[in-house]
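One structure is given below, encoded as structure tokens.
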Amino acid sequence: MEWDGLELKDGLRLLENCYNRLAQAVKDEQADPKEITSLVEEAEQIVVLLDAILQRTSLEEEKEQTIQTVKEKADAIIQLLNEEMGAIAEQYAQIKTGRQAIDAYYPQPVGLGYSEGKFVDRKE
């Protein structure tokens, strides 16, 4: 993406837009994990861009306000991803419990699947 000559407000708008797309992608069950990864990388790039813009800005009040806004969005993204990871862990635990229940009802065959015992070969 080309972001040269971007103003602070434009950068904040980009971050807001990226966060909204990321939130939609995380909530969508059919979303591609690569899309989520690329949106997280884009958000990181936007934060780096905003940092560079802030380095050039001379107004301290504007810097403080922007830093607070960026921090809130970054915390929201982290919280969103943590919630999704928690939901995935919970679903995995349910799958594991379900698999254990199925295995209890239908045990896996041991050995060749034949019952063990003595085999006597009698020749008469």
Side-chain angles (χ1 to χ4, degrees):
M1 294 187 152
E2 187 62 37
W3 293 331
D4 289 340
L6 210 60
E7 295 295 321
L8 193 57
K9 291 180 183 179
D10 296 330
L12 290 174
R13 203 171 306 120
L14 276 174
L15 184 62
E16 180 74 27
N17 184 17
C18 183
Y19 171 75
N20 291 338
R21 289 185 294 149
L22 181 61
Q24 286 177 345
V26 167
K27 291 177 184 177
D28 182 14
E29 295 290 327
Q30 305 301 320
D32 183 17
K34 292 179 183 178
E35 179 186 2
I36 294 172
T37 303
S38 69
L39 287 171
V40 169
E41 289 173 0
E42 182 179 336
E44 289 175 3
Q45 291 173 356
I46 294 171
V47 169
V48 169
L49 169 76
L50 288 172
D51 182 50
I53 293 172
L54 284 174
Q55 299 300 325
R56 297 182 300 203
T57 304
S58 61
L59 299 174
E60 286 298 319
E61 184 177 314
E62 191 174 358
K63 280 184 179 182
E64 283 293 321
Q65 186 179 21
T66 303
I67 289 172
Q68 185 64 28
T69 303
V70 170
K71 183 179 180 324
E72 289 172 4
K73 283 299 168 191
D75 289 344
I77 290 171
I78 290 170
Q79 182 178 354
L80 181 68
L81 294 175
N82 281 336
E83 288 172 2
E84 186 64 18
M85 287 171 44
I88 290 170
E90 183 179 318
Q91 290 173 355
Y92 177 75
Q94 290 175 353
I95 289 172
K96 188 174 179 182
T97 303
R99 185 175 296 143
Q100 290 171 345
I102 289 172
D103 288 345
Y105 283 107
Y106 302 106
Q108 299 295 322
V110 178
L112 298 174
Y114 300 106
S115 60
E116 294 180 18
K118 275 188 171 177
F119 177 78
V120 179
D121 185 17
R122 295 184 185 190
K123 294 184 181 179
E124 293 184 35

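Here, residue 1 is the first one in the sequence, and each next residue gets the next number.
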Atom of [X], atom of [Y] and distance for their closest heavy-atom approach:
X: Ala31; Y: Ala25; value: CB-O, 3.1 Å
X: Lys73; Y: Leu15; value: CB-CD2, 3.8 Å
X: Leu80; Y: Ala23; value: CD2-CA, 3.5 Å
X: Gly11; Y: Ile46; value: O-CG2, 3.7 Å

Just how far is it from atom [atom1] of [X] to atom [atom2] of [Y], taken to the nearest 0.5 Å?
X: Asp10; Y: Arg13; atom1: CG; atom2: CZ; result: 5.0 Å
X: Leu14; Y: Leu50; atom1: CG; atom2: CG; result: 8.0 Å
X: Leu49; Y: Gln45; atom1: CG; atom2: CD; result: 9.5 Å
X: Leu22; Y: Thr37; atom1: CG; atom2: OG1; result: 9.5 Å

- Message: Side-chain heavy atoms nearer than 4.5 Å, only ILVMFWY residues, links allowed to pass through others: does that put Val47 and Leu12 together?
- Response: yes
- Cluster overlap Val26 with Tyr19, hydrophobic side-chain contacts below 4.5 Å: yes
- Message: Does either side chain, that of Gln79 or that of Glu83, offer a donor lying less than 3.5 Å from an acceptor on the other one?
- Response: yes
- Message: Consider salt bridge (Lys or Arg N to Asp or Glu O under 4.0 Å). Of Glu35, Glu16, Glu42, which one does Arg21 pass it with?
- Response: Glu42
